[in-house]
Amino acid sequence: MDKVTLSAWPTPMEAAPRLAAAIGLAPDDLWIKRDDLTGLGGGGNKVRKLEWLVADALRCGADTLVTTGGPQSNHARLTAAAGARAGLDVVLVMPASGRPERPGGNLLLDAALAARIVWADAAGPAELAAHAEATCAGLREQGAVPYPVPFGGSSALGARGYREAGAEILAQQPGVRHVVTALGSGGTMAGLVAALGVERVLGVDVGALPDPATVAAAFAPELTGREVAAEQLRVRGEQVGTPYAVLHEPVLEALTTVARTEGLVLDPVYTGRAAAGLTAAVRDGAIRPGERTGLLHSGGLPGLFGHAEAADRLGRMLLSRP
C-alpha cells in the first residue's frame with residue numbers, strides 16, 4: 001500500500017480572467033489549482049501529504065497520530081480528519097502561548113474531529129517537536145503505538161503528494177510557465193519542484209520556518225534522485241511582514257481582490273500571502289503578461305474564522321461602507 005485515498009483526484013484547475021486583469025496579466029494567463037476542494041475535514045493541501053503519511057502509519061501498526069502546529073493549523077485539523085477516516089486516535093501538540101480564551105476556526109473542527117490537544121510550553125517549531133517526541137514516549141508507556149507526523153506533513157514521503165499534484169498541473173495546463181505556492185514547511189514546494197523543475201515554481205514564504213528554502217531543498221534527493229541547492233529555488237520573502245499570524249497589508253489587499261474578482265475566499269496566512277506574492281511578481285516583472293501562470297489554492301478557509309485581526313479588519317470594511 002503506497003498511500004491511502006483521502007480525496008478524489010485530480011482537483012480542478014480553473015481560469016481566473018478577472019483576477020488576471022486586476023493584477024496586470026492577460027485574461028487567459030492565470031489559472032487556479034483548487035486544492036481547497038479536497039473535501040476531507042474542510043479541505044486543503046495537507047490531504048495530499050497525509051495520504052502517504054497515514055499509509056505509512058498503518059504499515060507501522062500505529063494506532064495514534066501525533067503532530068504539531070499552531071492553534072489555527074490547517075495541517076493539525078486535517079491530521080485530525082485523516083485520523084478519523086482511518087480509525088486512528090490523534091494528538092495535536094500546540095504552543096500554550098497561543099491558547100485562545102474562546103476557540104474558533106480550526107480549533108472548533110479539531111474538537112468536532114475528536115482530536116486531543118496537548119498545550120505545550122514551547123516557543124518554536126524545534127521545541128514543539130521535542131514536546132511531541134515526549135508525548136509519543138508517554139503514549140508508548142501507556143501501551144499505545146504513536147506515529148509522529150512531521151510539522152506541516154512535510155517530509156520526503158509527504159512531499160510525494162505534491163509531486164503528484166505537479167503532474168496533474170502539467171496535464172491540465174501543459175504550457176504552464178509559473179506555479180505560485182505558499183511556502184511554509186517546505187513539502188508542497190518540494191513536491192512541485194520535483195514534478196515541474198525549479199524554474200517553474202515560485203514559493204512565497206509565509207514565515208512558518210526561519211529558512212524554508214533549505215528545508216524544501218533537503219527533500220529533493222529522495223524525490224528526484226538529484227541534489228537541489230536552496231539557492232536554486234525561486235522564493236519571495238517580502239510577504240512575511242511581521243509575525244506569522246499577523247495580517248500583512250498587501251495580504252489583506254490580495255485576499256479582498258481575489259474575493260471580489262473571482263468569488264474565491266483565501267486564508268490570511270497561506271493562500272493570502274501566495275496571492276500577494278503573485279501580485280508583487282507581476283508588478284516587478286518576474287511574471288509577465290503572456291506567461292501561463294498557476295496559483296495553488298491550498299485551502300485554509302477555517303483559519304480565516306479563527307484569525308482575530310482578519311475578522312476585525314474585514315468587519316471594519318463592512319461597517320465603513322455607506
Side-chain angles (χ1 to χ4, degrees), residues 3 7 9-16 20 25-26 28-38 44-49 51-52 152-206 212-237 239 270-271 273-275 277-282 285-299:
K3 65 175 187 174
S7 186
W9 311 110
T11 55
M13 200 160 187
E14 299 176 346
L25 293 175
D28 192 45
D29 285 347
L30 184 60
W31 294 73
I32 298 179
K33 180 63 169 168
R34 297 292 308 275
D35 269 17
D36 57 318
L37 300 179
T38 50
N45 68 319
K46 305 302 183 182
V47 174
R48 290 188 186 270
K49 301 175 183 180
E51 288 193 325
W52 293 88
S154 290
S155 63
L157 178 62
R160 293 184 188 182
Y162 267 88
R163 185 171 60 186
E164 293 179 324
E168 287 180 17
I169 291 170
L170 283 176
Q172 292 165 321
Q173 292 294 329
V176 70
R177 173 64 184 84
H178 309 278
V179 173
V180 181
T181 180
L183 171 56
S185 54
T188 297
M189 184 171 186
L192 290 174
V193 165
L196 301 167
V198 294
E199 70 284 349
R200 284 198 275 199
V201 182
L202 174 60
V204 181
D205 185 4
V206 303
T214 296
V215 175
F219 301 142
E222 191 170 327
L223 290 168
T224 66
R226 61 183 183 279
E227 298 288 334
V228 173
E231 297 76 24
Q232 293 177 269
L233 299 179
R234 298 172 63 197
V235 176
R236 296 188 74 103
Q239 303 306 327
Y270 291 94
T271 52
R273 282 188 168 105
L278 166 64
T279 302
V282 174
I287 295 176
R288 297 186 293 272
E291 296 178 337
R292 185 63 55 90
T293 299
L295 171 65
L296 177 68
H297 189 335
S298 54

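Looking at heavy atoms from C-beta onward, Met189 lies in side-chain contact with Val201 at the 4.5 angstrom threshold. Looking only at side-chain heavy atoms (C-beta outward), Tyr162 and Asp35 come within less than 4.5 Å of each other. Using a 4.5 Å heavy-atom cutoff, the side chains of Thr38 and Asn45 are not in contact. Side-chain contact check for Gln172 versus Pro10: some heavy-atom pair is nearer than 4.5 Å. Between Pro12 and Leu37 the shortest side-chain heavy-atom distance falls below 4.5 Å.
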Pair Val180, Leu296 - check side-chain contact (heavy atoms from CB on, under 4.5 Å), show working.
CA-CA 6 Å; Val180 181; Leu296 177 68; over 6 Å; no

Thr181/Val204 under side-chain contact (heavy atoms from CB on, under 4.5 Å): CA gap, chis, key distance, verdict
CA-CA 6 Å; Thr181 180; Val204 181; over 6 Å; no

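Partners of Arg177 under the side chain to side chain contact (heavy atoms under 4.5 Å, CB included) rule, at least two apart in sequence or in another chain, are Arg200, Arg234, Glu291. Applying the salt bridge (charged side-chain N to carboxylate O under 4.0 Å, His left out) test to Asp36 and every residue at least two apart in sequence or in another chain returns Arg34. Checked against side chain to side chain contact (heavy atoms under 4.5 Å, CB included), Val215 has the following partners two or more places apart in sequence or in another chain: Leu209, Phe219. Under the side-chain hydrogen bond (donor to acceptor under 3.5 Å, both in side chains) criterion, Thr214 pairs with Asp211, sequence neighbours left out. Residues meeting the side-chain hydrogen bond (donor to acceptor under 3.5 Å, both in side chains) test with Ser154, sequence neighbours left out: Lys49, Ser185. Annotation: salt bridge (charged side-chain N to carboxylate O under 4.0 Å, His left out) contacts of Glu168 (sequence neighbours excluded): Lys33, Arg48. Remark: Ala194 pairs with Arg163, Leu223, Thr224 by the side chain to side chain contact (heavy atoms under 4.5 Å, CB included) rule, at least two apart or across chains. Checked against salt bridge (charged side-chain N to carboxylate O under 4.0 Å, His left out), Arg236 has the following partners two or more places apart in sequence or in another chain: Glu238, Asp284. When the side-chain hydrogen bond (donor to acceptor under 3.5 Å, both in side chains) test is applied to Glu51, the partners found at least two apart in sequence or on another chain are Lys3, Trp9. With sequence neighbours excluded, the residues that form a side chain to side chain contact (heavy atoms under 4.5 Å, CB included) with Ala274 are Ala182, Leu295.
Separation of atoms CD (Gln173) and CH2 (Trp31) is listed at 5.0 Å; rounding is to 0.5 Å. Here the CZ-CG distance, from Arg288 to Leu25, works out to 11.5 Å after rounding to the nearest 0.5 Å. Interatomic distance, OG1 of Thr279 versus CD of Gln239, reported as 8.0 Å (0.5 Å rounding).
Scanning both residues, Ala190 and Ala159, for their nearest heavy atoms gives CB-CB, 4.4 Å. For the residue pair Arg273 and Asp205, the shortest heavy atom distance occurs at CD-O, 4.2 Å. Contact between Ala16 and Ile32 at its shortest, heavy atoms only, is CB-CD1, 3.8 Å. Nearest approach of Leu202 to Val235, heavy atoms of both residues: CD1-N, 4.3 Å. Contact between Ser7 and Val47 at its shortest, heavy atoms only, is CB-CG1, 4.1 Å. Gly184 and Pro212 make their closest contact through O-CB, 3.6 Å (heavy atoms, listed as atom of the first residue, atom of the second, distance).
When Leu278, Val282, Ile287 are each tested for a side chain to side chain contact (heavy atoms under 4.5 Å, CB included) with Leu30, only one passes: Leu278.
Environment of CZ in Arg292: crowded, with over 12 heavy atoms of neighbouring residues, nucleotides or ligands closer than 6.0 Å.
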